[in-house]
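We're numbering straight along the sequence, starting at 1.
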Amino acid sequence: MSAPALAKPTPVETLPLEEKIRRRAYELYLQRGNQAGSDIGDWLQAEAETLRAEEDARIDEASEESFPSSDPPAY
């Protein structure tokens, strides 16, 4: 009997926003040594970081569309 196939992890870019925040908040919790008591702070920090990253990605995407690699902006 063969072993069951392991599910491939979902790329972070394709996760819903709330799941991205949840994962980052958990990373922050782990970085603090698994100490309880800062769950709201971890969530708020993770939310701010995630929303900032999402906005930066949208800006980068819009910039790429405005300035194709074959036509760099003139300064």
Under 3.5 Å donor-acceptor pairs involving side-chain atoms of residues 35-44, not counting sequence neighbours:
| unit_1 | atom_1 | unit_2 | atom_2 | d |
| --- | --- | --- | --- | --- |
| D42 | OD1 | R32 | NE | 3.1 |
| D42 | OD2 | R32 | NE | 3.2 |
| D42 | OD2 | R32 | NH2 | 2.5 |

Legend entry - For E54, all residues meeting side chain to side chain donor-acceptor pair (under 3.5 Å), sequence neighbours excluded: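 Here the qualifying residues are K20.
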Legend entry - Those residues that, when tested against N34, pass side-chain contact (heavy atoms from CB on, under 4.5 Å) (two or more places apart):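 Testing N34 for side-chain contact (heavy atoms from CB on, under 4.5 Å), a comparison that skips the adjacent residues, returns Y29, L30.
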Inset, instruction - Return the set of residues passing salt bridge (charged side-chain N to carboxylate O under 4.0 Å, His left out) with E19 (not counting sequence neighbours), or none when no residue passes. - result: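 By the salt bridge (charged side-chain N to carboxylate O under 4.0 Å, His left out) rule, E19 matches R22, R23.
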Legend entry - Contact summary for L28 and A46, nearest pair of heavy atoms: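 Heavy atoms of L28 and A46 come nearest at CD1-N, 3.9 Å.
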Legend entry - More than 12 heavy atoms from other groups under 6.0 Å of CD on E18: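 Not more than 12 within 6.0 Å, no.
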Inset, instruction - Determine whether the side chains of Q45 and E49 contain a donor N or O and an acceptor N or O closer than 3.5 Å. - result: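 Yes - a donor-acceptor pair under 3.5 Å links their side chains.
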